[in-house]
Every structure is written in structure tokens, then in C-alpha cells.
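So the structure is just underneath, and the comments pick up after that.
Just so it is clear, the structure is predicted and the values come from calculations on it, not from any experiment.
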Amino acid sequence: MVSILSSRCQLALPTEQDGFLMVEAEAFTTQHANSRRSWVTIDDSYEALKEIVDPDTAHFVTASGGSYIKALPDTRVTHDDSLAHGVNFSNIPGEVAVLDYKVRIQNPGRYFVWVSAYSSGTEDNGIHVGIDGSWPESGQRMQWCEGKNSLHWESKQRTKEVHCGVEKLIYLDVPTAGIHTISFSMREDGFEFDRFVLSKEYRSP
């Protein structure tokens, strides 16, 4: 496996204004817990990364800024492929392929989390989100069922009763104004991550 740590750090921290914050996925500050799966930037230089297992074609042309990140290698493409807990799948947030983003929040409170992702199958459509080193239940099992084969904004949580996800269950409670760390961790390998939004209003970006 090739482990690629790719970060396009911004000079200024992304800053929430009027209850809204949008961040490019590839602008993460650090990446860790990535010995088994790593987040790799996919852009017009992607042809140089052919040694990384990825059965999909690249979709950077339609991505914001011409790039996105993907959890690779991608070895569980269909339900018939072997499932390896803690390797190509993790229902434990913070266990595999963690990304950290430093952000500045001016108005503390509850923020719904929206993610723009590209899902082409049933085994590449889940991720977890946390804050300041904690992984609350309200940030676990973000799920995509709609918008296949295109970039699609979603904010739903997979539950035992509703596998395609329930609205308004994915959120983070930000306790104070100031700098916070927003983290994402892989649930399924092959996940394609373009942008995320924190919003006090529950409305798709």
C-alpha cells in the first residue's frame, strides 16, 4: 500500500459567519490512523497514482476546485467483496483514516453537518464526524443513498430501522466561540469526499 499524506493547508483558518461554514475536503490540517487506509487527493495528476488500488474512474472534473479526496485502497466495492472490520470498514468512529480540520467558530451552538460526496455503489457511502477529539453519537454513520454517480450533499444518519438515513440526526454541538477541530473518519473505503458544511440551519447547501 502507498500512503500519501496530502494537505492543502490554508493560510487563514476557515471561519464560520452567521451560522455557516464551508470547507474543502482536501484542506485538512492533519491525517492520522492511516496505516490501513489513507485519504488521497484526486486531481488532474491522478494518473501518477495507479499503484493505489482504485477500481473507479476519477471524477475531479466535476469536483469543487477540480479535486477531492478518497479513502484508498478501495477493496470493498460490492456487498459480495470481503468485509474486514477495522480495515476496509469501520463502524467505530476515529478508528481508521482520520482527518482533522482547524476551524474558527464565532457563534457557538448546534451545527448540522453536510457533506458533498460522490457515491457510485452501496459500499462507499458512509463516514463519521467528530469534534475536538470526541465522536458523539450525533456524528456517527453519515449515510448516502440518493444522488448516485454524482456529487451530492447529504446530512442523514443511518439507523437500525432506516438504513438510508434519518434527517436532522447528524450534528455537532460547539460549546464555545474560538478555534475547534472538526474530524472525519472513514466508515467505508472508496468514499469520495469533496466539501463539508457546518450550518445552524438544516438546509442543503
Side-chain angles (χ1 to χ4, degrees), residues 21-28 37-42 54-65 67-81 83-85 87-99 101 111-131 135-172 182-199 201-205:
L21 171 67
M22 180 180 290
V23 181
E24 293 285 338
E26 60 270 26
F28 57 88
R37 293 294 183 273
S38 289
W39 293 97
V40 176
T41 299
I42 310 297
D54 184 6
D56 297 329
T57 56
H59 312 294
F60 57 83
V61 173
T62 58
S64 173
S67 64
Y68 59 94
I69 60 176
K70 185 170 184 176
L72 292 174
D74 181 10
T75 60
R76 191 163 191 260
V77 180
T78 72
H79 190 71
D80 294 330
D81 295 326
L83 185 152
H85 288 277
V87 180
N88 60 16
F89 171 86
S90 178
N91 218 27
I92 302 173
E95 182 182 40
V96 179
V98 178
L99 298 165
Y101 299 82
Y111 284 84
F112 294 105
V113 183
W114 292 84
V115 167
S116 175
Y118 191 110
S119 175
S120 56
T122 60
E123 310 305 323
D124 63 355
N125 59 347
I127 197 170
H128 308 288
V129 61
I131 181 171
W135 300 92
E137 169 63 24
S138 63
Q140 299 181 28
R141 305 180 309 281
M142 290 192 74
Q143 183 77 14
W144 282 252
C145 284
E146 300 176 357
K148 291 296 181 182
N149 299 305
S150 65
L151 284 167
H152 182 71
W153 286 101
E154 196 59 272
S155 179
K156 292 181 180 178
Q157 183 180 61
R158 179 187 175 100
T159 67
K160 183 178 180 180
E161 297 76 20
V162 185
H163 286 189
C164 277
V166 179
E167 294 184 346
K168 298 184 178 180
L169 295 186
I170 293 291
Y171 59 84
L172 297 174
I182 306 301
S183 300
F184 289 87
S185 73
M186 187 200 85
R187 186 171 186 268
E188 297 169 313
D189 68 5
F191 188 85
E192 300 184 14
F193 184 8
D194 187 34
R195 290 180 286 176
F196 74 89
V197 157
L198 303 182
S199 177
E201 182 180 3
Y202 189 84
R203 184 175 67 178
S204 172

Return the CH2 to CD distance between Trp135 and Glu95, rounded to the nearest 0.5 Å.
11.5 Å
For side chain to side chain contact (heavy atoms under 4.5 Å, CB included), just list the numbers for Phe193 and Phe184, CA-CA rounded to whole Å, side-chain angles, deciding distance to a tenth of an Å, and then say yes or no.
CA-CA 10 Å; Phe193 184 8; Phe184 289 87; 3.9 Å; yes
Test item: Ser90 side-chain N/O and Ile92 main-chain N/O as donor-acceptor pair under 3.5 Å
yes
CD of Glu167 to CD of Gln157, rounded to nearest 0.5 Å, is 12.5 Å
Interatomic distance, Leu172 atom CG to Ser138 atom OG [nearest 0.5 angstrom]
6.0 Å
All heavy atoms of Glu154 vs all of Met142, minimum pair found to be O-CE, 3.6 Å
Looking at Asp189 and Arg76, is any side-chain nitrogen of the basic one under 4.0 Å from a carboxylate oxygen of the acidic one?
no
If we only count heavy atoms from C-beta on, is the Ile182 to Leu198 side-chain gap below 4.5 Å?
yes
Charged N-O contact under 4.0 Å between Lys70 and Asp56
yes
For the pair Ser155 (side chain) and Val113 (backbone), establish whether a donor and an acceptor sit closer than 3.5 Å, ignoring hydrogens and angles.
yes
Taking atom NZ as the centre, does Lys148 end up with more than 12 heavy-atom neighbours from other residues, nucleotides or ligands that are less than 6.0 angstrom away?
yes
Less than 4.5 Å apart, side chain to side chain, heavy atoms only: is that true for Ile170 and Lys156?
no
Step by step, would you call Val23 with Arg195 a side chain to side chain contact (heavy atoms under 4.5 Å, CB included)?
CA-CA 6 Å; Val23 181; Arg195 290 180 286 176; over 6 Å; no
Quick one: does Trp153's side chain get under 4.5 Å of Val197's, heavy atoms only?
yes
State which residue, out of Tyr111, Tyr101, Phe112, fulfils the ring-ring contact (aromatic ring centres under 6.0 Å, His included) condition with Phe196.
Tyr101
Between Tyr171 and Tyr202, is a side chain to side chain contact (heavy atoms under 4.5 Å, CB included) present by the stated rule, with each step listed?
CA-CA 10 Å; Tyr171 59 84; Tyr202 189 84; over 6 Å; no
Can you tell if the side chain of Thr62 reaches within under 4.5 Å of the side chain of Leu151, non-hydrogen atoms only?
yes
Mind checking the OG1-CD spacing from Thr75 to Glu123? Nearest 0.5 Å is all I need.
11.0 Å
Looking only at side-chain N and O atoms, does Ser120 offer a donor or acceptor that is under 3.5 Å from a partner on Asn149?
no
Let me see the working for Ser67 and Glu26 under side chain to side chain donor-acceptor pair (under 3.5 Å), right down to the final yes or no.
CA-CA 8 Å; Ser67 64; Glu26 60 270 26; 2.6 Å; yes
Backbone N/O of Ala63 and side chain of Asp194: donor-acceptor pair under 3.5 Å:
no
Do Thr122 and Thr78 have side chains that approach each other closer than 4.5 Å (heavy atoms only, starting at C-beta)?
no
Nearest 0.5 angstrom please: Asp124 CG to Asn88 CG, how far?
12.0 Å
Within the distance-only criterion (no hydrogens, no angle test), does the side chain of Trp144 pair as donor or acceptor with the backbone N or O of Gly126 below 3.5 angstrom?
no
Looking only at heavy atoms, what is the nearest atom pair of Val166 and Leu169, with distance?
CB-CD1, 3.5 Å
Pairwise side-chain contact, Arg158 with Arg187, heavy-atom cut-off 4.5 Å (strictly under):
yes
So, Glu192 side chain and Ser119 main chain: donor-acceptor pair closer than 3.5 Å or not?
no
So do the side chains of Gln140 and Val129 get within less than 4.5 Å of each other, counting heavy atoms only?
no
Counting N and O atoms only, with roles assigned by atom type, does the side chain of Trp39 sit under 3.5 Å from a partner on the main chain of Leu99, one being a donor and the other an acceptor?
no
With sequence neighbours excluded, residues passing side-chain hydrogen bond (donor to acceptor under 3.5 Å, both in side chains) with Glu137
Arg141
For Val98, does its backbone N or O pair with a side-chain atom of Ser185 as donor and acceptor, under 3.5 Å?
no
From CD1 (Ile42) to OH (Tyr68), nearest 0.5 Å
5.0 Å
Does the Glu188 side chain pair with the main chain of Asn125, one donor and one acceptor, at a distance under 3.5 Å?
yes
Residue pair His163, Gln143: steps toward the side chain to side chain contact (heavy atoms under 4.5 Å, CB included) verdict:
CA-CA 8 Å; His163 286 189; Gln143 183 77 14; 5.8 Å; no
